[in-house]
Amino acid sequence: MKSEPDVDAVVVGAGFGGMYMMHLLQQHGLTAQGIERGSDVGGTWYWNRYPGCQCDVESMEYSYQFSDELQQKWDWSKRYAGQPEILRYANHVADEFNLRDNFLFDACVNAANYDDANELWSVSTDTGTTVNARYLIMATGCLSATNTPDFPGMADFAGDTYHTGNWPHDGVDFSGKKVAVIGTGSSGIQAIPPIAQQAGELTVFQRTAAYTVPAQNKPLDDKTQNEIKANYAEFRAMGRMSPVAFGATFSFNPMSVFDATPEERKANFEEFWNFGGFSFLASYGDLSATVEGNEFACEFVRDKIREIVKDPETAELLCPQGVIGCKRLCSDNGYYETFNQPNVHLVDVSTHPIDRLTVNGIETNGVEYEFDAIVFATGYDALTGSLLRCNITGANGLKLEDKWSAGPTNFLGLMTTGFPNMFTMTGPGSPSALANLITGIEQHAEFITQLIQWSQSQGYQCIEAEQGAEDSWVETVNTRAAKTLYPTCNSWYLGANVPGKPRVFMPYVGFPEYSEKLKTVVAEDYAEMRFG
Ligand code: NAP
């Protein structure tokens, strides 16, 4: 006689993914226990409280679309919402849909084991709780396991240290202090201007200069907001048709970059630069198709940097090399201008890496820099980190870390063979962070709920992807990536930012094609999965 589960499903994470998953399970009469390591909902937006933190997808798109009442009721104050506003929105959703009751907060999953005999998942936490469930749904986020480089002497530094992805809730007062920021990705680029405003001296340690385009953030006026709300369904549909599941707020220029004269190109780039943010990559239809075409945009940005940054040496160091859009394009609020402040200094660690942390600060290239505080804006063990940190063991004792030792393999980015009834939301193998994450989250939560319901309606208790389906999906993900310029740089999409991590391009490129694939899988009654 097999044991009965405590609940139908365990949902790990109370960010936007876990919240919507919980809502759908509740709505469909499935019992669920949520587990969240933070003290409340919000996920990324709960942890990332660093100064300047703001979303790079416009507010009207970076929000749930499952409830028209919700999207009509909520008003956004800015074109791009800042972290406090997004966290307020997450809390509003939790209140409206009563999502907190089934979550256990301040509890971190430290093991999830599949019990072969009973076909159940046993999920335990660092607070001593264990829950047995039929389904395990990992809504742990793709950028939530922070990455702090293991510099020699880390423990020696006598000042304060912070990571942008785990910022103190009460904020930090840098007034008059000597501060270092290590890292110039999206987080560093956002945090540097406000820290520079407050700190006595700010020194930025840059290993790779990143491309950033001004966000051109501004208040969201009532007229714009009301117009979108009046046609929200069409607006959302437009977003879902875009390769990145957002873009209804800006236009894609289908022209070839090669068909424009140098003057036309400059004027067009200028227009997209002034419009701001991510849309810059939509300035030409084939901007991301060839290195040669892409270089036109790179040079435009470099010229902007040379124009903005007064010290020519600093300007050259800030000029990025390589393909624009290969790493996630950053968007900023006055990043390059910050380097004109007399209290801001740039240290290039591309050729001479940071050697060590000392009692007083940071040592590189034979020079010791003294600091009161060091901010690590050094990113994440993206996509796989938050899953592997949960110590997941599937059927027949197979450990996820062993199965994925050469890189993550799965079917649709949702299920990995050998781990029955386990689902990963917005993980590797799905569009994930290459697309509007909230749209991806809704898509995954709806697919998982429908799949569970279908399986139950057929009298099955067990769902698993066929090995052949997984193999062919991995090939599809790789083939799509190989046709792009993405694999040409050392990005976190490839795991290249974490020493020792397998170099595999993890996200699926192309949201609309992915959506079509999911629809086909449903229409074919999940033929590439086995049920038992
Ligand atoms: P990131 O893009 O991975 O940037 C990390 C930075 O730390 C890079 O400049 C990296 O240099 C540097 N770094 C890492 N290890 C280092 C070392 N040992 N020595 C010196 N420098 C080192 O991380 P992130 O900025 O947190 O952003 C991650 C992702 O989160 C973004 O791409 C984006 O998708 C998301 N995000 C979005 C927003 C937004 O919506 N606006 C804001 C923040 C984050 P290298 O480049 O040389 O590796």
Side-chain angles (χ1 to χ4, degrees), residues 43-45 47-59 61-62 79-83 86 141-152 154 162-167 180-192 203-215 217 244 246 276-278 318 320-322 325-333 335 346-357 362-364 374-383 385 426 431-438 440 486 489-499 501 506-507:
T44 289
W45 305 101
W47 297 103
N48 278 262
R49 298 174 189 239
Y50 61 84
C53 181
Q54 126 189 337
C55 190
D56 59 6
V57 176
E58 295 201 23
S59 313
E61 302 206 68
Y62 190 81
R79 180 181 177 198
Y80 295 100
Q83 174 274 335
I86 303 175
C142 38
L143 292 157
S144 45
T146 54
N147 170 49
T148 306
D150 190 16
F151 295 119
M154 283 291 274
Y162 307 95
H163 192 289
T164 48
N166 187 8
W167 201 259
V181 172
I182 304 175
T184 53
S186 299
S187 305
I189 277 173
Q190 289 186 337
I192 285 163
T203 305
V204 176
F205 289 82
Q206 172 188 274
R207 186 167 68 181
T208 311
Y211 290 99
T212 176
V213 173
N217 203 6
V244 289
F246 67 92
F278 215 81
L318 287 168
Q321 303 305 318
C326 180
K327 289 186 178 186
R328 173 87 169 195
L329 180 64
C330 305
S331 70
D332 68 273
N333 294 309
Y335 176 67
L346 182 65
V347 176
D348 170 36
V349 289
S350 60
T351 42
H352 295 281
I354 292 173
D355 291 319
R356 63 184 57 80
L357 264 56
I362 295 174
E363 195 179 300
T364 170
I374 299 175
V375 174
F376 291 95
T378 44
Y380 298 87
D381 182 354
L383 292 138
T426 63
S432 186
L434 280 188
N436 181 347
L437 270 166
I438 300 198
Y486 282 122
C489 64
N490 291 324
S491 68
W492 56 259
Y493 298 136
L494 277 160
N497 63 325
V498 176
K501 193 165 170 172
M506 293 181 279

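Numbering of ligands and ligand atoms starts at 1, following listing order. Bear in mind that the values here come from a model prediction, so they are computed numbers and not experimental data.
In this structure, Tyr62 does not count as a contact residue of ligand 1, since none of its heavy atoms falls inside 4.0 Å of the ligand. Ligand 1 lies within reach of Cys55, whose nearest heavy atom is under 4.0 Å from it. Using a non-hydrogen distance threshold of 4.0 Å, Phe151 registers as a contact of ligand 1. Judged by the shortest distance from any of its heavy atoms, Gln206 lies outside the 4.0 Å radius around the atoms of ligand 1.
With hydrogens left out, the protein atom closest to atom 5 (C) of ligand 1 is Ala377 O, 3.3 Å, a heavy atom. If you check which protein heavy atom lies closest to atom 10 (C) of ligand 1, you get Arg207 NH2, 4.4 Å.
Contact annotation: for Phe205 versus ligand 1, there are no heavy atoms closer than 4.0 Å.
The closest non-hydrogen atom to atom 45 (P) of ligand 1, taken over Leu143, Thr208, Ile189, comes from Thr208.
The distance criterion of under 3.5 Å between nitrogen or oxygen atoms is met by Gln54 with respect to ligand 1. Inclusion of Pro149 in the set of residues having an N or O under 3.5 Å from an N or O of ligand 1 is not warranted. Between Lys327 and ligand 1, at least one pair of N/O atoms sits closer than 3.5 Å. When only interatomic distances are considered, the shortest N/O to N/O separation between Tyr50 and ligand 1 does not fall below 3.5 Å.
One finds the CH2 atom of Trp492 at 10.5 Å from the OH atom of Tyr380 (value rounded to the nearest 0.5 Å).
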